[in-house]
Amino acid sequence: MALTDPLGDMLTRIRNGQQARKDSVVSPASNLRVRVLDVLQREGYIRGYSEEELGKHKGLRIELKYFEGQPAIKHVARVSKPGRRVYSGSKELPVIRNGLGITIVSTPRGVLSDAEARDQNVGGEVLAEVF
């Protein structure tokens with residue numbers, strides 16, 4: 001069966017892995033997933049990730065992060081879905097939990113957090129929200 005929302009699948013794997021207190025989770029690799037993981041790592045929500053072979057395909061091992069036994073990611077949700085795309089300008093980017101969380105945005109300059117997109121004055125597709 002084909003995956004209709006690969007990014008949503010990866011975010012669900014991260015959410016489920018943290019609920020089960022796993023050290024790491026594995027997800028199939030793609031360029032978009034790597035760019036989103038770069039943002040999550042820069043913002044301190046995951047420890048890191050690495051590429052590995054899963055049979056004849058490449059996969060990503062995502063190292064999850066915890067603070068005092070609690071997951072670093074309290075909430076992760078897909079905003080723009082295959083059935084309903086959500087776009088936002090740089091001035092209208094949503095603020096998550098009064099700036100405590102981040103919005104991940106796909107812009108013409110790459111996948112950025114909402115703060116980086118505001119600094120560079122670019123908007124784009126709102127991929128996910130994390131706090």
Side-chain angles (χ1 to χ4, degrees):
M1 185 174 119
L3 222 58
T4 56
D5 188 12
L7 184 59
D9 174 65
M10 182 186 74
L11 296 175
T12 299
R13 287 175 192 234
I14 291 172
R15 183 182 318 111
N16 291 344
Q18 286 198 319
Q19 284 180 343
R21 301 287 192 251
K22 300 280 186 184
D23 289 333
S24 64
V25 293
V26 178
S27 176
S30 74
N31 288 335
L32 178 61
R33 292 178 186 192
V34 168
R35 302 297 171 256
V36 169
L37 289 174
D38 284 338
V39 172
L40 289 175
Q41 187 175 7
R42 272 197 313 265
E43 297 292 331
Y45 288 104
I46 61 172
R47 282 191 296 166
Y49 67 93
S50 60
E51 286 193 17
E52 62 180 40
E53 292 296 322
L54 298 176
K56 58 183 176 177
H57 301 288
K58 288 186 178 177
L60 297 168
R61 179 163 299 278
I62 305 162
E63 302 293 327
L64 302 177
K65 190 174 185 179
Y66 299 91
F67 289 119
E68 298 172 359
Q70 296 299 316
I73 299 175
K74 303 279 187 269
H75 169 82
V76 58
R78 185 84 155 98
V79 176
S80 184
K81 300 175 181 170
R84 182 175 181 269
R85 300 293 184 185
V86 177
Y87 297 94
S88 180
S90 64
K91 305 283 189 275
E92 296 86 31
L93 284 171
V95 178
I96 307 301
R97 294 278 174 120
N98 287 332
L100 294 177
I102 64 166
T103 303
I104 300 173
V105 186
S106 178
T107 70
R109 297 190 186 158
V111 178
L112 306 171
S113 70
D114 56 344
E116 294 168 334
R118 281 191 199 92
D119 288 345
Q120 297 183 21
N121 198 27
V122 292
E125 183 179 356
V126 181
L127 298 177
E129 61 183 29
V130 181
F131 64 84

Taking transitive links into account, so neighbours of neighbours count too, which hydrophobic residues share a cluster with [X] at under 4.5 Å side-chain distance?
X	result
Val26	Leu54
Phe67	none
Phe131	Ile96

Output yes when a side-chain donor or acceptor of [X] lies under 3.5 Å from a complementary backbone atom of [Y], and no otherwise.
X	Y	value
Arg15	Val76	yes
Ser80	Val86	yes
Arg47	Leu64	yes

Could you see if Ile73 belongs to whatever hydrophobic cluster contains Leu7? Use Ile, Leu, Val, Met, Phe, Trp, Tyr and a side-chain cutoff under 4.5 Å.
yes

Counting only heavy atoms not in Arg21 (residues, nucleotides, ligands), do more than 12 fall under 6.0 Å from its CZ?
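It does: Arg21 CZ has more than 12 such atoms within range.
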
Surrounding CZ of Arg42 (heavy atoms of other residues, nucleotides or ligands, distance under 6.0 Å), is the total greater than 12?
yes

How close do [X] and [Y] get, heavy atom to heavy atom, and via which atoms?
X	Y	value
Ser90	Ala117	CB-O, 4.3 Å
Pro94	Ser88	CD-OG, 4.3 Å
Leu127	Arg78	O-NH1, 3.2 Å
Pro82	Thr4	CG-O, 3.4 Å

Determine whether the side chains of Ser27 and Arg33 contain a donor N or O and an acceptor N or O closer than 3.5 Å.
yes

Pick from Asn31, Leu32, Val105: which one makes a side chain to side chain contact (heavy atoms under 4.5 Å, CB included) with Val111?
Leu32

Measuring from atom [atom1] of [X] to atom [atom2] of [Y], what distance do you get when rounded to the nearest 0.5 angstrom?
X	Y	atom1	atom2	result
Gln120	Arg109	CD	CZ	5.5 Å
Asp119	Ser113	CG	OG	8.0 Å
Leu11	Leu40	CG	CG	7.5 Å
Ile104	Glu43	CD1	CD	8.5 Å

Val39 vs Tyr45, side-chain contact (heavy atoms from CB on, under 4.5 Å): CA-CA, chis, key distance, verdict
CA-CA 9 Å; Val39 172; Tyr45 288 104; over 6 Å; no

Output all residues satisfying side-chain hydrogen bond (donor to acceptor under 3.5 Å, both in side chains) with Thr103, sequence neighbours left out; order by chain, then residue number.
none

Does the pair Val122 and Leu112 meet the rule for a side-chain contact (heavy atoms from CB on, under 4.5 Å), with working shown?
CA-CA 10 Å; Val122 292; Leu112 306 171; 4.1 Å; yes

4.5 Å side-chain heavy-atom contact, Asn16 and Val25
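A side-chain contact under 4.5 Å is absent here.
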
Yes or no on side-chain contact (heavy atoms from CB on, under 4.5 Å) for Ile14 and Leu37, after CA distance, side-chain angles and deciding distance?
CA-CA 11 Å; Ile14 291 172; Leu37 289 174; 4.3 Å; yes

Applying side-chain contact (heavy atoms from CB on, under 4.5 Å), run through Lys58 and Glu53 and close with a yes or a no.
CA-CA 5 Å; Lys58 288 186 178 177; Glu53 292 296 322; 3.8 Å; yes

Does a side-chain N-to-carboxylate-O contact under 4.0 Å join Arg13 and Asp9?
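Answer for the salt bridge query: yes.
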
What residues form a salt bridge (Lys or Arg N to Asp or Glu O under 4.0 Å) with Arg118, not counting sequence neighbours?
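Checked Arg118 against salt bridge (Lys or Arg N to Asp or Glu O under 4.0 Å); matches are Asp114.
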
Scan residues 65-77 for pairs that pass side-chain hydrogen bond (donor to acceptor under 3.5 Å, both in side chains), counting only residues two or more places apart or in two chains.
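Of all non-adjacent pairs touching residues 65-77, those that pass side-chain hydrogen bond (donor to acceptor under 3.5 Å, both in side chains) are His75-Glu129.
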
